[in-house]
Every structure is written in structure tokens, then in C-alpha cells.
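Take a look at the structure below.
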Amino acid sequence: MPAPSVLEKLQAAAPDAEIWWDSSPLVFPAFKERVLAEAPDGAGRARWGAQLGRFLDTAQPAGSLVRGVTTNPSLVAKSIIDAPQTWAPEVREAHLRQARPDVHQTYWIIYQEALRRAAQVMLPLWRASNGRYGWVSGQLDPRCIFDADAMLEQGLQLARIAPNLMVKVPGTRQGYETIRRLVARGISVNNTLSYCVPQFAACIRAVEAGRAEARRQGVDLTRWRAVITHMIGRFGSQGDLLDEAAARGVSLDAREVRFAEIAILKRIQRTIVEKGHPVMMLLSSLETDAPETGALSMHLEETAGAAIAYTCKPGFIADLMRREGELGELDPHAIDREVPAAILRKLERLPSFAKAYDPDGMPPEDFANYGAFITTYAEVARNARRLVDFVARHAADVEAQPGHEPAFATAAE
């Protein structure tokens, strides 16, 4: 019997949990090679190789531990920019094929092509599971997060790329309107840029309204799915929690910050189970912890036993493998444990936590003004601009070719 990985132990603790890969499956083989090159010895390399082979086999995904894939503009941009030998010719070809070449149109063509290739890898798993697994999340352009009509149009375009393409929609007021309209058309969705219980409540309202409309119109929801991404590791590190604590003389150690993130997830998950909502929580931005916390990863150890999805970025997987000996026994009932009362009382003194933990803590108009949202959105938008610049540079190669007709040449010219 091969030694199970940390993630295989997590899966065993909750048969209905799902392990996802937080990047394009196209980059997994190179990631695997890099990790194995860092193995401490031959035995470690063999063990890690076996674990990664079971984690994701891109040639036969139906036999892998991975059940789904998440991407975002940052991940897509990185996968393209890091492989110019593959994508620069694609950019030039896409630009040439337009009657009136436009950099932003070329960007959108290339972005969709990257999603199509990722979805193609996972399609055998989607088919083998009759649409239960094998989904690939494709996010809308971050520059449209306040335009519901533009997001709907983009979402419909992405949904046509592949049957296993799940549209990833931001947690803004306009985003929840977009979710309702997409669900009404039977399109699977992933609510991203979400950090708090009020966003979860808004998503549920949108999903339920969309499903009701779909049923009235006779839309087939047999293979429809919805997940809500809780960007759990970004709540404590990229929001206002630590600043608010410092301003109030409240000391927060690393373990208490993690409990802030976990408390929100537990409140949401308890509601899903009690109400039977047709969504699954998906934890992203997972992190390992410093030894003084007493845990390898509180994000895993405090949520074990839950029917939730864990989307694992490459660095997180590598950390788990390097430190796998630090994992104790996973409690299959950990998800039901209460956050220590004294810690919860301390956290509730901080406005950013109190607003995030209270189901009525903020109106939809304020979601995009939340600290963690602002920080993450800025990062995603910046990486989208980096991809636009990559496209612009290689599109310029086409326009510089002899005999190329300028895109906006006039008869007078």
C-alpha cells in the first residue's frame, strides 16, 4: 500500500470532499518535474513522484485525485507569459485573422484559447462522471466587475468554449446579478473574490432565483453545478484585520488569524448543511502554517470532514509534501468543532471580522470596498494588464511586417 499524501488523507476523512488543482492542468507536468528535482533523496523522489502521479495524470484525469480545476486571470497570464514559444505564435495568428486587428480582441481570443485547452484536458473526467467532476473555472475579465451586462455577455461566451467550463464571477453586487442570469440559463458558476458571510448569502439568493427561473423555462439543470470560492488565506493576510487589531491594542497571533478565516468558513458551511443549499464551498489561497501554531495547515486540519472542495496551488502542494511528516491524525469531525470562544470574542472586536462574520454585516454595494477584495482585485487586474501587454508586444510583430496593412488605414492614406 503506497504511503498516502496529506491530500489523500484529507480526502479519506470526508468522502464527499473534493481536491482541485489551482492552475491550468497544462502547467502540471512542468511543476511535477520541478518538485521532483528538489526531492531530498532517491526515496523521497520516488515517494513524491508516486504521490504526484496519483494527484493528477493529465493523460488520464478520470483516475486522478483531482476532481476539478480553478484558473483566474493571474494564473492564465502566468501560464501564457511563461511559455512565449507556445503562445507568441498564437498571438500573431489570432491578430492576423482579424479584419480590423485589435489588441484587446486578440487578448480575449488568447485568453479563451487557454481556457479551452485546460477544459479539454479535464473533459474525459467530466464525461466519465456525467458532469459531476472535471469542471474548469474560467474567470470573467476583471475590468468588467461592475458591468452586469458585459459580464453576462462574457459569461455566455466562456460557457460555449466547452461543456465543462464553469464561469467564474466576482462577488460584487453586479456579479450576483450576473450569477442569477447565468444560472437561469443553466450555466455552472463559481463565485470568486468572496471572503465573507454576507457575500455567501447574496450568492445563495442569486443561485436560488436563477434556478427558479430556469425551472420555469424548462432549462435542464442535470449537469449544473455551483461553487462559492472562499479565498480563505487572503482574508487574514491581505485585508484590514491586522491593522484594526494594532489600532485597538489587540494582539493577534498567527493561530488566531487563522481562526478568523476558519470561523467564517464554518459558519457558511453549517448553513449549507442545515438549509441544503445547492452549492459547494471551495477553499482557495490555502496555506501551510508556522510550527508555533501546532499545525501543518489549519486550513485543512480545522475543516477536515467537510463536504467542501480544496483547490490547491502548486506552492501549497509542494509545501505539504516537504512537511508531510508534521501532519498528525486528521479528525473527520473537525469541521464541527467550534472556534474557541475566547478567540471569537477577541475577533468580534475588529470591524472587518464582525462585518464578515455577521450574515447582515454589509450590503452588496460594499462588497467591493472590503479590504481583502480591494487587494486581491488589484493583483488580478494588474496581471490581466500584463497579459494584455504580452499580447500587444507580439501583435506589434505582425503589424511591423512588410506589406501589413495598418488596422485603421483610410482611403486618404
Side-chain angles (χ1 to χ4, degrees), residues 20-27 68-81 104 107-119 121-122 134-162 164-179 181-183 187-195 199 203 206-207 225-232 234 279-285 309 311-313 367-368 372-388 390-391:
W20 289 36
W21 166 245
D22 192 18
S23 193
S24 169
L26 302 176
V27 306
V69 167
T70 48
T71 70
N72 59 46
S74 296
L75 294 172
V76 173
K78 179 174 173 53
S79 70
I80 292 174
I81 294 169
H104 290 280
Y107 153 79
W108 188 238
I109 291 170
I110 293 299
Y111 184 81
Q112 290 182 86
E113 177 60 17
L115 294 179
R116 187 195 68 78
R117 295 182 187 185
V121 171
M122 301 304 294
W135 290 98
V136 172
S137 290
Q139 190 165 332
L140 303 175
D141 190 325
R143 294 170 296 181
C144 299
I145 68 169
F146 301 114
D147 188 334
D149 290 338
M151 286 192 286
L152 176 62
E153 182 177 352
Q154 284 190 351
L156 295 174
Q157 291 175 11
L158 295 186
R160 288 194 291 267
I161 291 174
N164 60 324
L165 204 295
M166 175 182 282
V167 179
K168 200 170 181 182
V169 186
T172 59
R173 178 182 63 78
Q174 297 86 349
Y176 292 115
E177 172 62 17
T178 303
I179 286 174
R181 295 162 80 180
L182 289 171
V183 172
I187 294 172
S188 294
V189 294
N190 177 348
N191 174 208
T192 189
L193 290 173
S194 56
Y195 310 88
Q199 285 179 296
C203 187
V207 165
R225 282 200 72 181
V227 298
I228 301 177
T229 295
H230 179 31
M231 306 186 82
I232 191 166
R234 290 178 176 266
V279 299
M280 174 178 265
M281 289 305 297
L282 185 147
L283 299 190
S284 74
S285 305
T311 190
C312 305
K313 57 190 176 184
F367 294 160
F373 186 109
I374 293 171
T375 304
T376 309
Y377 170 66
E379 178 185 325
V380 172
R382 181 174 64 251
N383 285 316
R385 293 194 302 272
R386 289 182 63 230
L387 181 53
V388 171
F390 175 89
V391 169

Test item: [X] and [Y] side chains (from C-beta on) under 4.5 Å apart, heavy atoms:
X: Phe373; Y: Met231; value: no
X: Ile145; Y: Leu140; value: no
X: Met151; Y: Arg181; value: no

Is there a donor-acceptor pair closer than 3.5 Å between any side-chain N or O of [X] and the backbone N or O of [Y]?
X: Ser188; Y: Ala226; value: no
X: Gln139; Y: Ser74; value: no
X: Asn383; Y: Ala77; value: no
X: Asp22; Y: Thr311; value: no
X: Thr375; Y: Ala372; value: no
X: Lys168; Y: Thr71; value: yes
X: Tyr377; Y: Pro142; value: yes

Review point. Under 6.0 Å from the six-membered ring centre of Tyr111 and within 45° of its axis: does the NZ or CZ of Arg143 meet both?
Key: no
Study note, to complete from the structure: In terms of heavy-atom contacts, Val27 and Ser23 come closest through CG2-OG, 3.3 Å
What distance do [X] atom [atom1] and [Y] atom [atom2] have between them, rounded to the nearest 0.5 Å?
X: Cys144; Y: Leu152; atom1: SG; atom2: CG; result: 12.0 Å
X: Gln157; Y: Leu115; atom1: CD; atom2: CG; result: 12.0 Å
X: Ile228; Y: Thr192; atom1: CD1; atom2: OG1; result: 11.5 Å
X: Arg234; Y: Thr376; atom1: CZ; atom2: OG1; result: 4.0 Å

Practice item. Please determine if Glu177 and Arg173 form a salt bridge, counting it only when a charged side-chain N lies under 4.0 Å from a carboxylate O. Key: no
Practice item. Please determine if Arg382 and Glu379 form a salt bridge, counting it only when a charged side-chain N lies under 4.0 Å from a carboxylate O. Key: no
